[in-house]
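Proteins get letters first, then strands, A, B, ... in listed order; numbering begins at 1 in each.
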2 protein chains.
Amino acid sequence: MTELMEPAMIVRRSLHDELIDRLREMIVTGDLEPGTKVPEQNLAAKFGVSRTPLREALKVLASEGLITLTPNKGATISQLTLEDLEEAFPVMGALEALSGELACERISDAAIGVIRQLHDQMIRHYQAKEMPEYFRCNQEIHNQILAAADNATLTSMYRSLSGRVRRARYVANISKKRWEQAVSEHEEIIAALVARNGAALSEVLKRHLVNKFETVKETIRSAGVGNLQEA
Amino acid sequence: MTELMEPAMIVRRSLHDELIDRLREMIVTGDLEPGTKVPEQNLAAKFGVSRTPLREALKVLASEGLITLTPNKGATISQLTLEDLEEAFPVMGALEALSGELACERISDAAIGVIRQLHDQMIRHYQAKEMPEYFRCNQEIHNQILAAADNATLTSMYRSLSGRVRRARYVANISKKRWEQAVSEHEEIIAALVARNGAALSEVLKRHLVNKFETVKETIRSAGVGNLQEA
DNA sequence: GACTTTGAGATTGTATTCATAATTCATAAT
DNA sequence: ATTATGAATTATGAATACAATCTCAAAGTC
(Lines give C-alpha, C1' and ligand atoms only; values in the text may rest on other atoms or scores of the structure.)
Protein backbone atom coordinates (compact mmCIF):
# COMPACT_ATOMS: atom_id res chain seq x y z
CA MET A 1 0.00 0.00 0.00
CA THR A 2 1.49 3.27 -1.01
CA GLU A 3 2.12 5.65 1.76
CA LEU A 4 0.16 8.78 1.30
CA MET A 5 2.19 11.88 1.60
CA GLU A 6 1.00 13.82 4.57
CA PRO A 7 -0.69 16.80 2.97
CA ALA A 8 0.04 20.05 4.65
CA MET A 9 -2.68 20.74 7.13
CA ILE A 10 -4.90 23.46 5.91
CA VAL A 11 -4.88 26.01 8.64
CA ARG A 12 -7.59 28.51 8.31
CA ARG A 13 -7.33 30.95 11.10
CA SER A 14 -10.40 32.88 11.87
CA LEU A 15 -10.41 36.38 10.52
CA HIS A 16 -10.45 38.05 13.88
CA ASP A 17 -7.33 36.15 14.92
CA GLU A 18 -5.55 37.09 11.76
CA LEU A 19 -6.66 40.68 12.18
CA ILE A 20 -5.42 40.84 15.75
CA ASP A 21 -1.95 39.79 14.68
CA ARG A 22 -1.82 42.01 11.65
CA LEU A 23 -3.07 45.07 13.46
CA ARG A 24 -0.78 44.47 16.41
CA GLU A 25 2.13 44.23 14.04
CA MET A 26 1.08 47.42 12.28
CA ILE A 27 0.78 49.26 15.54
CA VAL A 28 4.00 47.99 17.09
CA THR A 29 6.04 48.68 14.00
CA GLY A 30 4.55 52.12 13.70
CA ASP A 31 2.63 51.56 10.49
CA LEU A 32 -0.34 52.90 12.32
CA GLU A 33 0.74 56.01 14.10
CA PRO A 34 -0.36 56.79 17.62
CA GLY A 35 -3.24 59.16 17.80
CA THR A 36 -4.65 58.31 14.41
CA LYS A 37 -8.28 57.38 14.28
CA VAL A 38 -9.21 53.99 12.94
CA PRO A 39 -12.52 54.17 11.13
CA GLU A 40 -13.97 50.69 11.05
CA GLN A 41 -15.41 50.76 7.58
CA ASN A 42 -12.21 52.08 6.16
CA LEU A 43 -10.01 49.46 7.77
CA ALA A 44 -12.45 46.66 7.10
CA ALA A 45 -12.40 47.60 3.45
CA LYS A 46 -8.59 47.67 3.41
CA PHE A 47 -8.46 44.15 4.79
CA GLY A 48 -11.33 43.03 2.63
CA VAL A 49 -13.45 41.83 5.52
CA SER A 50 -16.63 42.94 7.14
CA ARG A 51 -16.74 45.08 10.24
CA THR A 52 -17.72 42.23 12.54
CA PRO A 53 -14.41 40.37 12.82
CA LEU A 54 -12.55 43.65 12.74
CA ARG A 55 -14.49 44.92 15.70
CA GLU A 56 -13.73 41.74 17.60
CA ALA A 57 -10.03 42.30 16.94
CA LEU A 58 -10.23 45.93 18.03
CA LYS A 59 -11.76 44.92 21.35
CA VAL A 60 -8.87 42.57 22.04
CA LEU A 61 -6.23 45.11 21.09
CA ALA A 62 -7.96 47.62 23.30
CA SER A 63 -7.71 45.23 26.22
CA GLU A 64 -3.99 45.01 25.48
CA GLY A 65 -3.72 48.77 25.60
CA LEU A 66 -2.61 49.24 22.02
CA ILE A 67 -5.88 50.84 21.01
CA THR A 68 -8.13 53.24 22.81
CA LEU A 69 -11.84 52.69 22.41
CA THR A 70 -14.15 55.56 23.16
CA PRO A 71 -17.84 54.62 23.28
CA ASN A 72 -19.70 55.76 20.21
CA LYS A 73 -16.63 57.53 18.96
CA GLY A 74 -14.50 54.70 17.79
CA ALA A 75 -10.93 53.55 17.98
CA THR A 76 -7.65 55.42 18.00
CA ILE A 77 -4.11 54.11 18.22
CA SER A 78 -3.08 54.67 21.81
CA GLN A 79 -0.63 57.41 22.52
CA LEU A 80 2.44 56.26 24.36
CA THR A 81 3.19 58.89 26.95
CA LEU A 82 6.38 59.29 28.89
CA GLU A 83 4.40 58.29 31.93
CA ASP A 84 3.39 55.06 30.25
CA LEU A 85 7.04 54.32 29.66
CA GLU A 86 8.00 55.16 33.21
CA GLU A 87 5.30 52.81 34.37
CA ALA A 88 6.15 50.00 32.04
CA PHE A 89 9.87 49.87 32.63
CA PRO A 90 9.94 48.86 36.28
CA VAL A 91 7.45 46.14 35.49
CA MET A 92 9.54 44.96 32.59
CA GLY A 93 12.52 45.08 34.88
CA ALA A 94 10.84 42.86 37.43
CA LEU A 95 9.79 40.41 34.76
CA GLU A 96 13.19 40.36 33.15
CA ALA A 97 14.85 39.81 36.50
CA LEU A 98 12.54 36.89 37.09
CA SER A 99 13.28 35.49 33.68
CA GLY A 100 16.97 35.58 34.57
CA GLU A 101 16.44 33.69 37.78
CA LEU A 102 14.23 31.07 36.23
CA ALA A 103 16.51 30.69 33.24
CA CYS A 104 19.49 29.96 35.45
CA GLU A 105 17.56 27.26 37.23
CA ARG A 106 16.47 25.51 34.09
CA ILE A 107 18.62 26.30 31.14
CA SER A 108 20.41 23.46 29.39
CA ASP A 109 24.03 23.53 28.32
CA ALA A 110 22.89 23.42 24.73
CA ALA A 111 20.74 26.47 25.19
CA ILE A 112 23.61 28.31 26.81
CA GLY A 113 25.66 27.38 23.79
CA VAL A 114 23.11 28.91 21.47
CA ILE A 115 23.06 32.11 23.47
CA ARG A 116 26.83 32.24 23.55
CA GLN A 117 26.91 31.96 19.78
CA LEU A 118 24.39 34.72 19.47
CA HIS A 119 26.46 36.76 21.85
CA ASP A 120 29.64 36.27 19.86
CA GLN A 121 27.83 37.15 16.69
CA MET A 122 26.44 40.23 18.35
CA ILE A 123 29.92 41.28 19.42
CA ARG A 124 31.12 40.93 15.85
CA HIS A 125 28.29 43.14 14.66
CA TYR A 126 29.25 45.60 17.36
CA GLN A 127 32.82 45.68 16.20
CA ALA A 128 31.67 46.10 12.63
CA LYS A 129 29.30 48.84 13.79
CA GLU A 130 26.37 47.04 12.20
CA MET A 131 23.56 48.40 14.29
CA PRO A 132 20.51 46.65 12.89
CA GLU A 133 22.18 43.26 13.01
CA TYR A 134 23.45 44.02 16.48
CA PHE A 135 19.95 44.81 17.63
CA ARG A 136 18.57 41.70 16.08
CA CYS A 137 21.05 39.54 17.97
CA ASN A 138 20.45 41.52 21.10
CA GLN A 139 16.72 40.98 20.85
CA GLU A 140 17.21 37.31 20.13
CA ILE A 141 19.41 36.83 23.19
CA HIS A 142 16.77 38.27 25.42
CA ASN A 143 14.19 36.09 23.71
CA GLN A 144 16.31 33.01 24.33
CA ILE A 145 16.65 33.83 27.99
CA LEU A 146 12.93 34.29 28.20
CA ALA A 147 12.43 30.98 26.45
CA ALA A 148 14.84 29.28 28.84
CA ALA A 149 12.79 30.55 31.76
CA ASP A 150 10.10 28.31 30.29
CA ASN A 151 7.15 30.15 31.74
CA ALA A 152 4.36 30.95 29.30
CA THR A 153 2.69 33.41 31.63
CA LEU A 154 5.90 35.33 32.06
CA THR A 155 6.60 35.27 28.36
CA SER A 156 3.24 36.57 27.31
CA MET A 157 3.29 39.35 29.87
CA TYR A 158 6.75 40.40 28.90
CA ARG A 159 5.89 40.28 25.22
CA SER A 160 2.84 42.40 25.77
CA LEU A 161 4.80 45.08 27.57
CA SER A 162 7.64 44.87 25.13
CA GLY A 163 5.23 45.38 22.25
CA ARG A 164 3.74 48.42 23.83
CA VAL A 165 7.10 49.95 24.58
CA ARG A 166 8.71 49.11 21.29
CA ARG A 167 6.55 51.73 19.67
CA ALA A 168 8.93 54.30 21.07
CA ARG A 169 11.57 54.20 18.41
CA TYR A 170 14.84 55.33 19.75
CA VAL A 171 17.25 52.90 18.19
CA ALA A 172 18.38 55.24 15.45
CA ASN A 173 20.88 57.15 17.50
CA ILE A 174 22.52 55.38 20.37
CA SER A 175 25.62 57.01 21.74
CA LYS A 176 28.95 55.30 21.37
CA LYS A 177 29.39 55.35 25.10
CA ARG A 178 26.02 53.76 25.75
CA TRP A 179 26.71 51.12 23.17
CA GLU A 180 29.97 50.23 24.92
CA GLN A 181 28.15 50.01 28.19
CA ALA A 182 25.46 47.78 26.73
CA VAL A 183 28.04 45.41 25.32
CA SER A 184 29.83 45.28 28.63
CA GLU A 185 26.53 44.49 30.35
CA HIS A 186 26.01 41.72 27.87
CA GLU A 187 29.38 40.25 28.80
CA GLU A 188 28.15 40.17 32.37
CA ILE A 189 24.92 38.54 31.26
CA ILE A 190 26.75 35.74 29.53
CA ALA A 191 29.04 35.25 32.48
CA ALA A 192 26.15 35.04 34.93
CA LEU A 193 24.32 32.65 32.66
CA VAL A 194 27.28 30.34 32.24
CA ALA A 195 27.80 30.37 36.00
CA ARG A 196 24.08 29.78 36.37
CA ASN A 197 24.10 32.55 38.92
CA GLY A 198 20.45 33.57 39.04
CA ALA A 199 20.87 36.48 41.41
CA ALA A 200 23.66 37.96 39.34
CA LEU A 201 21.85 37.49 36.05
CA SER A 202 18.72 38.96 37.50
CA GLU A 203 20.64 41.98 38.74
CA VAL A 204 22.48 42.69 35.55
CA LEU A 205 19.36 42.26 33.39
CA LYS A 206 17.57 44.77 35.54
CA ARG A 207 20.47 47.19 35.39
CA HIS A 208 20.71 46.66 31.65
CA LEU A 209 17.09 47.61 31.28
CA VAL A 210 17.38 50.65 33.51
CA ASN A 211 20.25 51.93 31.41
CA LYS A 212 18.35 51.25 28.24
CA PHE A 213 15.45 53.16 29.63
CA GLU A 214 17.67 56.09 30.52
CA THR A 215 18.87 56.16 26.95
CA VAL A 216 15.34 56.07 25.65
CA LYS A 217 14.29 58.92 27.90
CA GLU A 218 17.34 60.92 26.90
CA THR A 219 16.62 60.38 23.23
CA ILE A 220 13.04 61.36 23.69
CA ARG A 221 13.94 64.50 25.56
CA SER A 222 16.44 65.66 23.00
CA ALA A 223 14.79 64.48 19.82
CA GLY A 224 11.15 64.78 20.75
CA VAL A 225 10.26 61.58 18.99
CA GLY A 226 7.02 61.94 17.11
CA ASN A 227 5.56 58.76 18.42
CA LEU A 228 5.72 60.00 21.92
CA GLN A 229 3.55 62.56 23.45
CA GLU A 230 4.85 64.43 26.41
CA ALA A 231 2.48 63.84 29.27
CA MET B 1 -25.58 84.42 39.46
CA THR B 2 -26.52 81.04 40.81
CA GLU B 3 -23.97 78.34 40.57
CA LEU B 4 -25.10 75.45 38.44
CA MET B 5 -24.85 72.11 40.08
CA GLU B 6 -22.57 69.87 38.14
CA PRO B 7 -24.90 67.29 36.64
CA ALA B 8 -23.74 63.73 36.84
CA MET B 9 -22.23 62.61 33.60
CA ILE B 10 -24.41 60.13 31.83
CA VAL B 11 -22.39 57.02 31.34
CA ARG B 12 -23.75 54.39 29.07
CA ARG B 13 -21.48 51.44 28.89
CA SER B 14 -21.51 49.39 25.78
CA LEU B 15 -22.85 45.92 26.06
CA HIS B 16 -19.59 44.19 25.36
CA ASP B 17 -17.93 46.08 28.19
CA GLU B 18 -20.67 45.13 30.56
CA LEU B 19 -20.49 41.56 29.39
CA ILE B 20 -16.73 41.38 29.86
CA ASP B 21 -17.08 42.41 33.48
CA ARG B 22 -20.01 40.17 34.22
CA LEU B 23 -18.49 37.14 32.60
CA ARG B 24 -15.12 37.71 34.21
CA GLU B 25 -16.83 37.93 37.56
CA MET B 26 -18.77 34.75 36.87
CA ILE B 27 -15.63 32.92 35.89
CA VAL B 28 -13.45 34.17 38.71
CA THR B 29 -16.05 33.46 41.36
CA GLY B 30 -16.64 30.03 39.94
CA ASP B 31 -20.20 30.58 38.75
CA LEU B 32 -19.01 29.28 35.45
CA GLU B 33 -17.03 26.18 36.11
CA PRO B 34 -13.82 25.40 34.29
CA GLY B 35 -14.25 23.03 31.42
CA THR B 36 -17.86 23.88 30.76
CA LYS B 37 -18.71 24.82 27.24
CA VAL B 38 -20.24 28.19 26.62
CA PRO B 39 -22.69 28.05 23.73
CA GLU B 40 -23.08 31.53 22.38
CA GLN B 41 -26.79 31.45 21.70
CA ASN B 42 -27.52 30.09 25.10
CA LEU B 43 -25.46 32.66 26.95
CA ALA B 44 -26.62 35.52 24.75
CA ALA B 45 -30.18 34.59 25.55
CA LYS B 46 -29.43 34.50 29.26
CA PHE B 47 -28.07 38.01 29.13
CA GLY B 48 -30.78 39.16 26.80
CA VAL B 49 -28.40 40.36 24.12
CA SER B 50 -27.48 39.24 20.67
CA ARG B 51 -24.46 37.15 19.90
CA THR B 52 -22.47 40.06 18.49
CA PRO B 53 -21.51 41.88 21.70
CA LEU B 54 -21.18 38.58 23.50
CA ARG B 55 -18.66 37.35 20.98
CA GLU B 56 -16.67 40.53 21.37
CA ALA B 57 -16.55 39.92 25.11
CA LEU B 58 -15.50 36.31 24.65
CA LYS B 59 -12.59 37.35 22.47
CA VAL B 60 -11.31 39.68 25.16
CA LEU B 61 -11.67 37.13 27.91
CA ALA B 62 -9.87 34.62 25.74
CA SER B 63 -6.96 37.03 25.40
CA GLU B 64 -6.91 37.23 29.19
CA GLY B 65 -6.72 33.47 29.38
CA LEU B 66 -10.00 32.97 31.22
CA ILE B 67 -11.65 31.38 28.23
CA THR B 68 -10.34 29.02 25.63
CA LEU B 69 -11.57 29.51 22.10
CA THR B 70 -11.28 26.67 19.66
CA PRO B 71 -11.93 27.61 16.06
CA ASN B 72 -15.34 26.49 14.87
CA LYS B 73 -15.88 24.71 18.13
CA GLY B 74 -16.58 27.52 20.46
CA ALA B 75 -15.66 28.69 23.91
CA THR B 76 -14.96 26.80 27.10
CA ILE B 77 -14.02 28.10 30.51
CA SER B 78 -10.29 27.55 30.77
CA GLN B 79 -9.07 24.79 32.97
CA LEU B 80 -6.63 25.92 35.61
CA THR B 81 -3.93 23.30 35.79
CA LEU B 82 -1.39 22.89 38.52
CA GLU B 83 1.20 23.90 35.97
CA ASP B 84 -0.67 27.13 35.33
CA LEU B 85 -0.52 27.85 39.02
CA GLU B 86 3.16 27.02 39.22
CA GLU B 87 3.75 29.38 36.35
CA ALA B 88 1.63 32.17 37.66
CA PHE B 89 2.97 32.33 41.17
CA PRO B 90 6.55 33.34 40.51
CA VAL B 91 5.26 36.05 38.22
CA MET B 92 2.85 37.24 40.86
CA GLY B 93 5.70 37.14 43.31
CA ALA B 94 7.85 39.35 41.14
CA LEU B 95 5.01 41.79 40.64
CA GLU B 96 4.13 41.84 44.29
CA ALA B 97 7.74 42.41 45.23
CA LEU B 98 7.84 45.33 42.84
CA SER B 99 4.65 46.72 44.26
CA GLY B 100 6.26 46.64 47.69
CA GLU B 101 9.29 48.54 46.53
CA LEU B 102 7.32 51.16 44.68
CA ALA B 103 4.84 51.52 47.50
CA CYS B 104 7.61 52.26 49.98
CA GLU B 105 8.95 54.97 47.73
CA ARG B 106 5.65 56.70 47.30
CA ILE B 107 3.20 55.90 50.00
CA SER B 108 1.83 58.74 52.11
CA ASP B 109 1.52 58.68 55.88
CA ALA B 110 -2.23 58.78 55.49
CA ALA B 111 -2.20 55.71 53.27
CA ILE B 112 -0.03 53.88 55.76
CA GLY B 113 -2.57 54.80 58.39
CA VAL B 114 -5.35 53.26 56.35
CA ILE B 115 -3.39 50.07 55.91
CA ARG B 116 -2.54 49.96 59.58
CA GLN B 117 -6.23 50.21 60.43
CA LEU B 118 -7.02 47.43 58.02
CA HIS B 119 -4.25 45.40 59.56
CA ASP B 120 -5.55 45.89 63.09
CA GLN B 121 -9.02 45.00 61.95
CA MET B 122 -7.68 41.92 60.28
CA ILE B 123 -5.91 40.87 63.45
CA ARG B 124 -9.16 41.22 65.36
CA HIS B 125 -10.89 39.00 62.82
CA TYR B 126 -8.03 36.55 63.22
CA GLN B 127 -8.44 36.46 66.97
CA ALA B 128 -12.18 36.03 66.57
CA LYS B 129 -11.50 33.30 64.01
CA GLU B 130 -13.67 35.08 61.46
CA MET B 131 -12.18 33.72 58.30
CA PRO B 132 -14.18 35.44 55.58
CA GLU B 133 -13.76 38.85 57.20
CA TYR B 134 -10.10 38.11 57.73
CA PHE B 135 -9.66 37.32 54.08
CA ARG B 136 -11.49 40.42 53.03
CA CYS B 137 -9.15 42.61 55.08
CA ASN B 138 -6.19 40.64 53.84
CA GLN B 139 -7.19 41.16 50.24
CA GLU B 140 -7.81 44.83 50.87
CA ILE B 141 -4.39 45.35 52.41
CA HIS B 142 -2.72 43.91 49.36
CA ASN B 143 -4.92 46.07 47.19
CA GLN B 144 -3.92 49.16 49.12
CA ILE B 145 -0.24 48.37 48.73
CA LEU B 146 -0.79 47.90 45.04
CA ALA B 147 -2.63 51.20 44.90
CA ALA B 148 0.19 52.91 46.76
CA ALA B 149 2.64 51.65 44.17
CA ASP B 150 0.66 53.88 41.82
CA ASN B 151 1.48 52.04 38.65
CA ALA B 152 -1.48 51.23 36.42
CA THR B 153 0.46 48.77 34.31
CA LEU B 154 1.55 46.86 37.37
CA THR B 155 -1.93 46.92 38.82
CA SER B 156 -3.64 45.60 35.74
CA MET B 157 -1.12 42.81 35.27
CA TYR B 158 -1.35 41.77 38.87
CA ARG B 159 -5.14 41.86 38.77
CA SER B 160 -5.21 39.75 35.69
CA LEU B 161 -3.03 37.08 37.25
CA SER B 162 -4.83 37.31 40.53
CA GLY B 163 -8.14 36.79 38.78
CA ARG B 164 -6.90 33.73 37.00
CA VAL B 165 -5.47 32.22 40.12
CA ARG B 166 -8.34 33.06 42.38
CA ARG B 167 -10.36 30.42 40.62
CA ALA B 168 -8.48 27.86 42.64
CA ARG B 169 -10.57 27.90 45.76
CA TYR B 170 -8.58 26.75 48.68
CA VAL B 171 -9.62 29.15 51.39
CA ALA B 172 -12.05 26.78 53.04
CA ASN B 173 -9.50 24.90 55.06
CA ILE B 174 -6.39 26.73 56.07
CA SER B 175 -4.40 25.15 58.83
CA LYS B 176 -4.10 26.88 62.16
CA LYS B 177 -0.37 26.86 61.82
CA ARG B 178 -0.41 28.43 58.39
CA TRP B 179 -2.82 31.07 59.60
CA GLU B 180 -0.46 31.98 62.42
CA GLN B 181 2.38 32.20 59.97
CA ALA B 182 0.39 34.43 57.65
CA VAL B 183 -0.49 36.79 60.44
CA SER B 184 3.13 36.95 61.51
CA GLU B 185 4.13 37.75 57.94
CA HIS B 186 1.58 40.50 57.92
CA GLU B 187 3.16 41.98 61.02
CA GLU B 188 6.40 42.08 59.10
CA ILE B 189 4.65 43.68 56.17
CA ILE B 190 3.32 46.48 58.29
CA ALA B 191 6.68 47.01 59.93
CA ALA B 192 8.48 47.23 56.61
CA LEU B 193 5.88 49.58 55.27
CA VAL B 194 6.06 51.90 58.25
CA ALA B 195 9.84 51.89 58.01
CA ARG B 196 9.45 52.48 54.29
CA ASN B 197 11.96 49.71 53.78
CA GLY B 198 11.35 48.69 50.19
CA ALA B 199 13.75 45.79 50.12
CA ALA B 200 12.30 44.31 53.28
CA LEU B 201 8.72 44.76 52.17
CA SER B 202 9.52 43.29 48.82
CA GLU B 203 11.14 40.29 50.44
CA VAL B 204 8.38 39.55 52.90
CA LEU B 205 5.64 39.96 50.29
CA LYS B 206 7.38 37.47 48.09
CA ARG B 207 7.84 35.05 50.97
CA HIS B 208 4.23 35.56 51.97
CA LEU B 209 3.12 34.59 48.51
CA VAL B 210 5.39 31.58 48.35
CA ASN B 211 3.92 30.29 51.58
CA LYS B 212 0.43 30.95 50.37
CA PHE B 213 1.22 29.03 47.26
CA GLU B 214 2.57 26.13 49.26
CA THR B 215 -0.69 26.03 51.17
CA VAL B 216 -2.68 26.09 47.96
CA LYS B 217 -0.68 23.26 46.50
CA GLU B 218 -1.02 21.27 49.70
CA THR B 219 -4.76 21.77 49.74
CA ILE B 220 -5.04 20.77 46.14
CA ARG B 221 -3.00 17.66 46.63
CA SER B 222 -4.99 16.47 49.60
CA ALA B 223 -8.46 17.61 48.64
CA GLY B 224 -8.29 17.33 44.90
CA VAL B 225 -10.19 20.50 44.40
CA GLY B 226 -12.73 20.15 41.65
CA ASN B 227 -11.78 23.33 39.95
CA LEU B 228 -8.31 22.12 39.37
CA GLN B 229 -7.27 19.55 36.92
CA GLU B 230 -4.11 17.69 37.53
CA ALA B 231 -1.82 18.35 34.63
C1' DG C 1 -20.87 -6.93 15.33
C1' DA C 2 -17.53 -3.27 14.47
C1' DC C 3 -16.35 0.25 11.51
C1' DT C 4 -17.29 3.90 7.84
C1' DT C 5 -20.23 6.92 5.69
C1' DT C 6 -23.49 10.32 5.30
C1' DG C 7 -26.71 13.74 6.14
C1' DA C 8 -29.76 16.46 9.24
C1' DG C 9 -29.47 19.51 12.95
C1' DA C 10 -26.94 22.56 15.66
C1' DT C 11 -23.16 25.87 16.34
C1' DT C 12 -19.83 28.97 15.04
C1' DG C 13 -17.89 32.51 11.59
C1' DT C 14 -18.87 36.33 8.74
C1' DA C 15 -21.72 39.61 6.29
C1' DT C 16 -25.46 42.57 6.13
C1' DT C 17 -29.02 45.38 7.99
C1' DC C 18 -31.13 48.39 11.21
C1' DA C 19 -30.89 51.75 15.09
C1' DT C 20 -28.71 55.31 17.42
C1' DA C 21 -25.29 58.49 18.52
C1' DA C 22 -21.69 61.76 16.78
C1' DT C 23 -19.99 64.88 13.36
C1' DT C 24 -20.36 68.16 9.78
C1' DC C 25 -21.84 71.94 7.53
C1' DA C 26 -25.10 75.25 6.08
C1' DT C 27 -28.00 78.75 7.97
C1' DA C 28 -29.73 82.03 11.21
C1' DA C 29 -29.20 85.00 15.03
C1' DT C 30 -26.62 88.19 17.84
C1' DA D 1 -17.63 88.22 12.19
C1' DT D 2 -18.71 84.93 15.43
C1' DT D 3 -21.44 81.82 17.68
C1' DA D 4 -25.51 78.95 18.05
C1' DT D 5 -28.80 75.84 15.97
C1' DG D 6 -30.45 71.98 13.43
C1' DA D 7 -30.85 69.01 9.40
C1' DA D 8 -28.04 65.84 6.67
C1' DT D 9 -24.37 62.79 6.71
C1' DT D 10 -21.42 59.54 8.61
C1' DA D 11 -19.78 56.23 12.08
C1' DT D 12 -20.57 53.21 15.63
C1' DG D 13 -23.51 49.71 18.40
C1' DA D 14 -26.32 45.86 18.12
C1' DA D 15 -29.36 42.50 15.86
C1' DT D 16 -30.36 39.59 12.27
C1' DA D 17 -29.35 36.78 8.20
C1' DC D 18 -26.61 33.77 5.75
C1' DA D 19 -22.58 30.55 5.06
C1' DA D 20 -19.31 27.24 6.67
C1' DT D 21 -18.19 23.81 9.91
C1' DC D 22 -18.91 20.52 13.36
C1' DT D 23 -21.62 16.90 15.88
C1' DC D 24 -23.83 12.88 16.24
C1' DA D 25 -26.85 9.43 15.20
C1' DA D 26 -28.67 6.37 11.70
C1' DA D 27 -27.79 3.75 7.73
C1' DG D 28 -24.76 1.10 5.14
C1' DT D 29 -20.62 -1.96 4.38
C1' DC D 30 -17.34 -5.51 5.34
Handout entry: Shortest non-hydrogen contact between A:Ala97 and A:Lys206, atoms and distance
Key = CB-CD, 4.1 Å
Problem - Between D:dA14 (P) and A:Lys59 (NZ): distance, integer Å - result: 8 Å
Problem - Donor-acceptor pair, side chain of A:Thr29 and main chain of A:Glu25, under 3.5 angstrom - result: yes
Exercise for the section: To the nearest Å, give me how far apart CG (B:Leu54) and P (D:dA15) are. Expected result: 10 Å
Exercise for the section: Rounded off to whole Å, could you give me the CD-to-C1' distance for the A:Gln41 and C:dT23 pair? Expected result: 14 Å
Fill in the blank from the handout: B:Leu15 has its side chain closest, among D:dC22, D:dA15, C:dT14, to D:dA15
Fill in the blank from the handout: Partner of D:dA25 under the Watson-Crick or G-U wobble criteria, both distances under 3.5 Å, comes out as C:dT6
Exercise for the section: Report the distance from atom CD of A:Glu40 to atom P of D:dG13, rounded to the nearest whole Å. Expected result: 6 Å
Practice task
For B:Ser14 and A:Pro71, indicate whether the former's side chain and the latter's backbone hold a donor-acceptor pair under 3.5 Å.
Solution key: no
Problem - Out of C:dG13, D:dA14, C:dA15, whichever nucleotide has its closest atom nearest the side chain of B:Ser50 - result: D:dA14
Problem - A:Lys73 side-chain N/O to C:dT23 phosphate OP1/OP2 under 4.0 Å - result: yes
Problem - Between A:His125 and A:Glu133: side-chain donor-acceptor atoms closer than 3.5 Å - result: no
Practice task
For B:Asp17 and D:dG13, give me the distance from atom CG to atom P, rounded to whole Å.
Solution key: 10 Å
Handout entry: Opposite nucleotide pairing with D:dA11, Watson-Crick or G-U, both atom distances under 3.5 Å
Key = C:dT20
Practice task
Using whole Å, report how far CG of A:Leu58 lies from P of D:dA11.
Solution key: 15 Å
Fill in the blank from the handout: Whole-Å distance, B:Leu69 CG to C:dT12 P, equals 10 Å
Handout entry: Between C:dT12 (P) and B:Asn42 (CG): distance, integer Å
Key = 9 Å
Completion exercise
Rounding to 0.5 Å, atoms SG (B:Cys104) and CD1 (B:Ile112) come to a distance of 7.5 Å
Exercise for the section: Assign B:Thr52 to base, sugar-phosphate, or nothing according to its heavy-atom contacts below 4.0 angstrom with the strands shown. Expected result: base
Fill in the blank from the handout: On DNA chain C, more 5' by nearest nucleotide between A:Lys37 and A:Arg51 is A:Arg51
